[in-house]
Each structure stands twice: as structure tokens, then as C-alpha cells.
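Reviewing the structure listed below.
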Amino acid sequence: MAGNSALAEQNEEVCRPSVKSRQIGVRVTEMEYAALEREAWRTGHKVGDWAREQLLERMNRAEDDRISAHVFTELVGLQMLLMGSFSHLLQGQTLTAEQCQELAKNVQSGKAKRAKELLAQRLKQEDR
């Protein structure tokens, strides 16, 4: 019995590679398949392997895009906070605690909308 438990522990320590056991079916036209095939072959891959790689890469990019959008929104919030406080400070005024709280509240409630507006403006400029 003791030998069997030692063997079981050894088997658990060995890390087996993940087995690709799930499939995703996608229908494409002949022209689409030919284009996919050309691209896969150009990079030295089979169509299925190339498509898998592209899907996984796109999934990872989507996560990066979400993180980038969050970071951008926070940066816009910081900009709003600084711009909202600088005007008072440049005039030699101080902000009261109530003004600071109101400014922070406005930044929190408006930063996402302002970030979207800035991105939309940037996209319009790039389209020109």
C-alpha cells in the first residue's frame, strides 16, 4: 500500500500538458476560406491552428483593451480633478472641504462620459 501512495504522489507531481478537446465550428464561404488558408500558409500554419491562434490572441487583446479603457478613464478623472482645482489655486483661492467634495463627486460621476467623448473626438480626427 505504501508503494501505491508514493506512486500516486509522483503521478500528481507530473504536469501533463492540456489536451485540446473542445471544438468550435465556423462556417465560411469558399472565398473566405481561401483567404484564411492563404494567410495561414503565409505564416507556416494549418488553417485550424492559425485560426485558433488568432482567436486566442483576439481574446487577450480584448482584455487588454478593457484595462486600457479603465486606465484612460482614470487619467481623464485626474485631469478633470486637476483642472477643476487649478483655476481656484491660480487665482490665489483655496478650496473649502465642501468644494473639494463637490469636485470629487463631479469627477466620479462625469469621468466615464468625458473619456468616451474624448475617444470619439479622437476617432473623428483620425477618420479625416
Side-chain angles (χ1 to χ4, degrees):
M1 276 298 207
N4 286 343
S5 66
L7 184 59
E9 286 177 14
Q10 284 179 341
N11 286 341
E12 288 177 22
E13 291 176 14
V14 175
C15 294
R16 295 183 189 168
S18 299
V19 176
K20 298 173 194 161
S21 62
R22 304 294 292 177
Q23 292 184 356
I24 299 172
V26 179
R27 294 189 184 274
V28 295
T29 65
E30 287 294 327
M31 288 179 57
E32 290 168 336
Y33 187 83
L36 293 170
E37 189 175 53
R38 275 192 306 276
E39 187 61 26
W41 288 355
R42 187 183 66 74
T43 60
H45 291 89
K46 296 177 186 174
V47 176
D49 293 336
W50 178 84
R52 178 181 184 275
E53 194 174 283
Q54 296 301 309
L55 285 169
L56 294 174
E57 184 179 314
R58 177 64 184 114
M59 183 179 64
N60 290 334
R61 263 196 325 249
E63 178 63 23
D64 291 345
D65 290 348
R66 283 190 291 277
I67 291 168
S68 295
H70 178 70
V71 169
F72 181 72
T73 300
E74 293 304 316
L75 286 172
V76 168
L78 283 172
Q79 179 189 30
M80 291 171 65
L81 184 65
L82 290 172
M83 298 304 288
S85 59
F86 279 169
S87 62
H88 292 284
L89 297 174
L90 290 173
Q91 295 172 14
Q93 302 170 351
T94 58
L95 290 171
T96 65
E98 293 82 21
Q99 288 173 318
C100 284
Q101 287 176 343
E102 184 65 25
L103 178 58
K105 186 173 121 181
N106 289 338
V107 166
Q108 287 298 319
S109 65
K111 66 184 176 186
K113 180 182 175 190
R114 182 66 183 138
K116 287 178 185 177
E117 290 170 352
L118 289 170
L119 288 173
Q121 287 174 1
R122 176 93 23 106
L123 289 174
K124 281 183 183 178
Q125 290 172 351
E126 288 177 3
D127 288 341
R128 290 181 190 172

Under 3.5 Å, sequence neighbours excluded: what are the donor-acceptor pairs made by side chains of residues 50-61?
| unit_1 | atom_1 | unit_2 | atom_2 | d |
| --- | --- | --- | --- | --- |
| E57 | OE2 | R61 | NH1 | 3.1 |
| N60 | ND2 | L56 | O | 3.4 |

Donor-acceptor contacts under 3.5 Å from residues 24-39 side chains, at least two apart:
| unit_1 | atom_1 | unit_2 | atom_2 | d |
| --- | --- | --- | --- | --- |
| T29 | OG1 | E32 | N | 3.0 |
| T29 | OG1 | E32 | OE1 | 3.4 |
| E32 | OE1 | T29 | N | 2.8 |
| E39 | OE1 | R42 | NE | 3.2 |
| E39 | OE2 | R42 | NE | 3.3 |
| E39 | OE2 | R42 | NH2 | 2.4 |

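Here the straight-line distance linking atom CG of L123 with atom CD of E126 works out to 6.0 Å at 0.5 Å rounding. In this structure, L81 CG and C100 SG are separated by 8.5 Å, a value rounded to the nearest 0.5 Å.
S68 pairs by the side-chain hydrogen bond (donor to acceptor under 3.5 Å, both in side chains) definition with nothing, not counting sequence neighbours. Listed by chain and number, the residues in a side-chain hydrogen bond (donor to acceptor under 3.5 Å, both in side chains) with Q23 amount to none (sequence neighbours excluded). Residues passing the side-chain hydrogen bond (donor to acceptor under 3.5 Å, both in side chains) test with R66 are E63, sequence neighbours excluded.
When all heavy atoms of L95 and S85 are compared, the closest pair comes out as CD1-CB, 3.7 Å. Looking at every heavy atom in both residues, M80 comes nearest to L103 through O-CD1, 4.4 Å.
L89 and L82 fall within the same hydrophobic cluster, where Ile, Leu, Val, Met, Phe, Trp and Tyr residues are linked whenever their side-chain heavy atoms come under 4.5 Å apart, directly or through other members. Note on V107: it clusters hydrophobically with L119, by side-chain heavy-atom contacts below 4.5 Å among ILVMFWY residues.
Sorted by first and then second residue, the side-chain hydrogen bond (donor to acceptor under 3.5 Å, both in side chains) pairs with a member in residues 100-110 read Q108-K111; sequence neighbours excluded.
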